[in-house]
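What follows is a single structure, written as structure tokens, with notes after it.
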Amino acid sequence: MNELEQFINAIQETRKIWLLQAMEGMFAMLEDSNGNWYVPAWETEEKATKAATGDWAGYHVTEMGFSELKHWLRELSRDEIDIAVSPEKDGQITAIASANFRKWVEQYADDSYKEEDDEDDDFDYGDGWAEEWK
């Protein structure tokens with residue numbers, strides 16, 4: 001079983017991921033050599049705790065349930081930030097596009113998490129919604 005399959009199977013069972021957080025709303029991030037940004041996520045608290053070293057020393061481990069994750073992935077997708085699955089210390093990552101990951105998470109998420117600006121949460125702008133009007 002590869003890293004991605006292991007990650008997906010584990011979080012499907014627990015309905016949460018583990019992140020490293022510097023402060024409220026500020027999470028660990030990675031940048032690849034092409035300028036692409038990623039938020040690292042782990043399937044267990046133990047794996048996330050082991051990663052909280054080096055540049056991430058002082059970050060605390062926090063969990064995020066699928067209900068909140070569904071909303072957050074929408075923001076990440078808009079900002080063109082993807083998810084790095086259990087990144088290795090050697091810098092190798094397996095990435096999941098935020099938009100694709102959100103579609104998968106939606107089928108397992110409940111509606112327990114709500115933000116004040118979620119009135120249009122179910123509205124799908126579709127591809128190209130920010131294109132110039134003709």
Side-chain angles (χ1 to χ4, degrees):
M1 182 179 310
N2 69 32
E3 186 77 27
L4 182 57
E5 288 174 321
Q6 181 180 336
F7 177 81
I8 294 294
N9 289 339
I11 65 171
Q12 183 176 359
E13 195 170 307
T14 64
R15 305 284 201 271
K16 61 184 165 187
I17 62 170
W18 295 89
L19 305 159
L20 296 179
Q21 188 173 32
M23 63 182 86
E24 187 65 34
M26 300 296 291
F27 296 91
M29 293 191 62
L30 298 167
E31 182 181 17
D32 69 14
S33 59
N34 295 319
N36 300 310
W37 286 94
Y38 305 89
V39 173
W42 294 267
E43 67 270 25
T44 66
E45 182 178 16
E46 295 76 24
K47 285 186 176 186
T49 300
K50 285 182 183 177
T53 62
D55 290 343
W56 296 331
Y59 284 55
H60 68 277
V61 177
T62 187
E63 68 179 69
M64 184 179 288
F66 276 15
S67 181
E68 181 178 1
L69 180 59
K70 176 179 78 171
H71 293 275
W72 193 51
L73 286 167
R74 171 177 274 191
E75 293 174 31
L76 292 179
S77 180
R78 287 178 184 160
D79 293 339
E80 298 181 1
I81 299 170
D82 292 324
I83 300 295
V85 174
S86 301
E88 300 293 325
K89 290 189 186 277
D90 65 3
Q92 296 297 314
I93 66 166
T94 299
I96 301 177
S98 295
N100 294 340
F101 193 34
R102 183 175 191 270
K103 288 176 186 174
W104 182 83
V105 166
E106 279 181 323
Q107 63 187 324
Y108 300 103
D110 58 31
D111 292 327
S112 61
Y113 180 83
K114 200 76 170 156
E115 291 184 354
E116 289 181 25
D117 62 347
D118 279 351
E119 304 86 42
D120 70 335
D121 188 51
D122 293 329
F123 185 78
D124 183 4
Y125 291 95
D127 291 335
W129 67 270
E131 291 179 7
E132 183 178 332
W133 287 86
K134 295 184 183 198

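Note: the hydrophobic cluster containing Ile96 also contains Trp37 (ILVMFWY, side chain heavy atoms under 4.5 Å, direct or indirect links). A continuous path of Ile, Leu, Val, Met, Phe, Trp and Tyr side chains, each step under 4.5 Å between heavy atoms, connects Trp104 with Ile81, placing both in one hydrophobic cluster. Leu69 is connected to Leu19 through a chain of hydrophobic side-chain contacts under 4.5 Å among Ile, Leu, Val, Met, Phe, Trp and Tyr, so both are in one cluster. In this structure, Leu20 is a member of the same hydrophobic cluster as Ile93, with clusters built from ILVMFWY side-chain heavy atoms closer than 4.5 Å. Connection of Val85 to Leu73 is established within a shared hydrophobic cluster, with ILVMFWY side chains joined at heavy-atom distances below 4.5 Å, either directly or through further cluster members.
Looking only at side-chain heavy atoms (C-beta outward), Leu76 and Ile83 come within less than 4.5 Å of each other. Residues Lys47 and Trp18 fail the side-chain proximity criterion, which asks for heavy atoms closer than 4.5 Å. Residues Thr49 and Trp42 are not in side-chain contact: their nearest non-hydrogen atoms beyond the backbone lie 4.5 Å or more apart.
Across every non-hydrogen atom of Met29 and Trp56, the tightest pair is O-CZ2, 3.9 Å. The nearest pair of heavy atoms linking Ile17 to Ala41 is CD1-CB, 4.0 Å. In terms of heavy atoms, Val61 sits closest to Glu45 at CG1-CG, 4.0 Å. Taking each heavy atom of Ala84 and Leu30 in turn, the nearest pair found is CB-CD1, 3.9 Å. Considering every non-hydrogen atom in both Asn2 and Leu4, the closest pair reads OD1-N, 3.0 Å. The two atoms that bring Pro87 and Pro40 nearest to each other are CG-CB, 3.5 Å, heavy atoms only.
Under the 30°/60° scheme for interplanar angles, the aromatic rings of Phe101 and Phe7 are found to be tilted. In this structure, Phe27 and Trp72 have tilted ring planes: the angle between them lies in the 30° to 60° band.
Within the model, atoms OG1 of Thr44 and NZ of Lys16 stand 10.5 Å from one another, a figure rounded to the nearest 0.5 Å. Between atom OG1 of residue Thr14 and atom CG of residue Asn9 there is a gap of 11.0 Å, rounded to the nearest 0.5 Å. To the nearest 0.5 Å, the span separating CD on Gln21 from CE on Met64 amounts to 7.5 Å.
Within a 6.0 Å radius of CD in Glu80, other residues, nucleotides and ligands contribute 12 heavy atoms or fewer. For Asp32, the CG atom sits in a packed shell: over 12 heavy atoms of surrounding residues, nucleotides or ligands are nearer than 6.0 Å.
The backbone N or O of Ser98 lies less than 3.5 Å from no partner atom in the side chain of Ser77, so there is not a single donor-acceptor pair.
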Quick one: do Glu106 and Arg102 satisfy salt bridge (charged side-chain N to carboxylate O under 4.0 Å, His left out)? Show the steps, please. CA-CA 6 Å; Glu106 279 181 323; Arg102 183 175 191 270; 2.9 Å; yes
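Exactly one of Arg15, Gln12, Glu13, Lys70 qualifies for a side chain to side chain donor-acceptor pair (under 3.5 Å) with Tyr108. That residue is Gln12.
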